[in-house]
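I have placed the structure first, in the form of structure tokens, so that the comments after it can refer back to it.
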Amino acid sequence: MSRPTDVRARQRRRIAEAVWRIAAGQGLDAASMRRIATEAGVSLRAVQYHFDSKHALLVDALRLLHEENERLARARIPYGMTDPRELLRALLDEFLPLDGQRAFALRVFTAYYARSLTDPELAAVFLAAEQPLERLIADIIGAGEAAGITAPGIDREHEADLLVSGAVGLGLDVVHERRSLAGVRKVLDYHLGRIFPTEAVGAVEAVDAAGASGSVGAGLQPPPGPGPGTS
């Protein structure tokens, strides 16, 4: 027998998924409480019971989408990957619409971004001051620096900012069919090649052989699921 808390969580999830579908297909301006209730197949009263305001509903739906993306990203990115370039490559793939789920999530995040431009209360949540993805990418580049496999003189924070903003923008170009996935991946590989030159990347094997691979991958956990609103 399901516990009341489980039933409540499933109902909230069902309503949140309705928000996602409306956001991806029509934008958040179309997401009235009544429209959300209809999309979720529940009564308006049920939506109001679980969420005391539309803002609370939009914020919770965004939080659940972040959690879902993080779960899927952790499943896709091999745990214990020690090559910084390969780890960054796998992480950047999470920004691209490589499958239906990632394309859908990108559309939802874009709808939230558009709404945040005219909704300061939502913007305060969606565009948080913290930049966990940029920090994670900077840390990965820093691990490469410690292993001696990055180009000299790079600024890890600036490179992280460029990679995150570039990957998000390129992913949106694919959604808009302005660019191909293959073309976008070439652009990202070009930038990764600047950070990790080919001659330096070969040093990873030597580092591993010397038993020092922990200096590359230590402390680098599978990343949270990215999206325009996670930075």
Side-chain angles (χ1 to χ4, degrees), residues 13 16-28 61-116 126-127 131-141 143-144 159-196 198 201 204 216-217 220-231:
R13 168 76 183 215
E17 289 177 347
V19 174
W20 302 346
R21 291 193 296 271
I22 295 170
Q26 300 169 269
L28 283 178
L62 178 62
R63 178 187 62 79
L64 288 172
L65 184 58
H66 280 314
E67 290 176 358
E68 177 76 355
N69 280 358
E70 179 175 352
R71 181 184 67 79
L72 293 171
R74 287 179 181 274
R76 284 189 287 251
I77 298 176
Y79 184 80
M81 187 179 286
T82 59
D83 183 337
R85 176 172 174 150
E86 291 304 312
L87 180 56
L88 277 184
R89 191 69 186 77
L91 176 57
L92 293 174
D93 273 349
E94 294 301 314
F95 290 94
L96 305 180
L98 297 179
D99 53 34
Q101 182 273 328
R102 279 176 275 198
F104 176 78
L106 194 54
R107 287 181 178 274
V108 177
F109 284 127
T110 302
Y112 269 90
Y113 183 84
R115 177 62 176 261
S116 73
F126 182 66
L127 302 174
Q131 296 180 309
L133 283 171
E134 286 86 345
R135 287 199 307 272
L136 174 61
I137 289 176
D139 286 346
I140 295 171
I141 295 173
E159 295 293 350
D161 286 341
L162 285 170
L163 285 171
V164 172
S165 59
V168 170
L170 290 168
L172 289 174
D173 276 354
V174 175
V175 170
H176 283 293
E177 299 182 347
R178 295 185 64 244
R179 298 175 188 266
S180 67
L181 272 172
V184 162
R185 289 181 124 175
K186 283 183 180 179
V187 173
L188 293 176
D189 283 339
Y190 169 80
H191 285 285
L192 290 175
R194 286 192 312 102
I195 299 170
F196 301 101
T198 302
V201 172
V204 172
V216 179
L220 299 181
Q221 301 299 319
T230 59
S231 60

- Message: Rounded at 0.5 Å granularity, tell me how far OG1 in Thr110 sits from CZ in Arg115.
- Response: 15.5 Å
- Quick one: salt bridge (Lys or Arg N to Asp or Glu O under 4.0 Å) partners of Arg76, sequence neighbours excluded? Glu94, Asp99
- Non-hydrogen atoms of Gly183 and Ser180 that approach each other most closely: N-OG, 3.0 Å
- Kindly determine whether Val174 and Leu96 satisfy side-chain contact (heavy atoms from CB on, under 4.5 Å), including the steps that lead there. CA-CA 8 Å; Val174 175; Leu96 305 180; 5.5 Å; no
- What are the two closest non-hydrogen atoms of Ala16 and Leu64, and how far apart are they? CB-CD1, 3.5 Å
- Message: Quick check: do Leu62 and Val108 have side-chain heavy atoms less than 4.5 Å from each other?
- Response: no
- Query: Which pair of heavy atoms, one from Val19 and one from Tyr112, lies closest together, and at what distance?
  - Reply: CG1-OH, 3.9 Å
- Query: Are Leu163 and Leu91 side-chain neighbours, meaning at least one heavy-atom pair lies under 4.5 Å?
  - Reply: no
- Message: If you define the side chain from C-beta out and look only at heavy atoms, does anything of Phe109 sit under 4.5 Å from Asn69?
- Response: yes
- Query: Do the side chain of Trp20 and the main chain of Ala61 share a donor and acceptor less than 3.5 angstrom apart?
  - Reply: yes
- Taking the side chain as every heavy atom from C-beta outward, state whether His191 and Leu162 have any atom pair closer than 4.5 Å. no
- Under 4.0 Å between a Lys/Arg side-chain N and an Asp/Glu carboxylate O for Arg89 and Asp189? yes
- Query: Counting only heavy atoms not in Arg178, do more than 12 fall under 6.0 Å of its CZ?
  - Reply: no
- So do Leu192 and Glu86 actually touch side chain to side chain, heavy atoms under 4.5 Å? no
- Task: Tell me, with the steps shown, if Gln26 and Arg21 meet side-chain contact (heavy atoms from CB on, under 4.5 Å).
- Result: CA-CA 8 Å; Gln26 300 169 269; Arg21 291 193 296 271; over 6 Å; no
- Item | Partner set under salt bridge (Lys or Arg N to Asp or Glu O under 4.0 Å) for Arg107, not counting sequence neighbours | none
- Heavy-atom nearest pair, Ala160 first then Ala138, reads CB-N, 3.7 Å
- Query: If you look at every heavy atom in Pro97 and Val175, which pair is closest and at what distance?
  - Reply: CG-CG2, 4.0 Å
- Message: Please determine whether side-chain contact (heavy atoms from CB on, under 4.5 Å) holds for the pair Asp93 and Arg185, giving the CA-CA distance in whole Å, both sets of side-chain angles, and the decisive distance to 0.1 Å.
- Response: CA-CA 8 Å; Asp93 273 349; Arg185 289 181 124 175; 2.9 Å; yes
- Query: Heavy atoms, side chains only, cut-off 4.5 Å: are Leu28 and Ile22 in contact?
  - Reply: no
- Looking at CD1 of Ile195 and CD of Glu159, how far apart are the two atoms once the value is rounded to the nearest 0.5 Å? 4.5 Å
- Answer yes or no: is there a side-chain heavy-atom contact under 4.5 Å between Val168 and Tyr113? no
- Task: Can you see which heavy atom on Ile137 is nearest to which on Val164, and at what distance?
- Result: CD1-CG2, 3.5 Å
- Query: Does some side-chain heavy atom of Leu88 sit less than 4.5 Å from a side-chain heavy atom of Phe196?
  - Reply: yes
- Task: Could you pull out all residues at least two apart from Arg13 that satisfy salt bridge (Lys or Arg N to Asp or Glu O under 4.0 Å)?
- Result: Glu17, Glu68
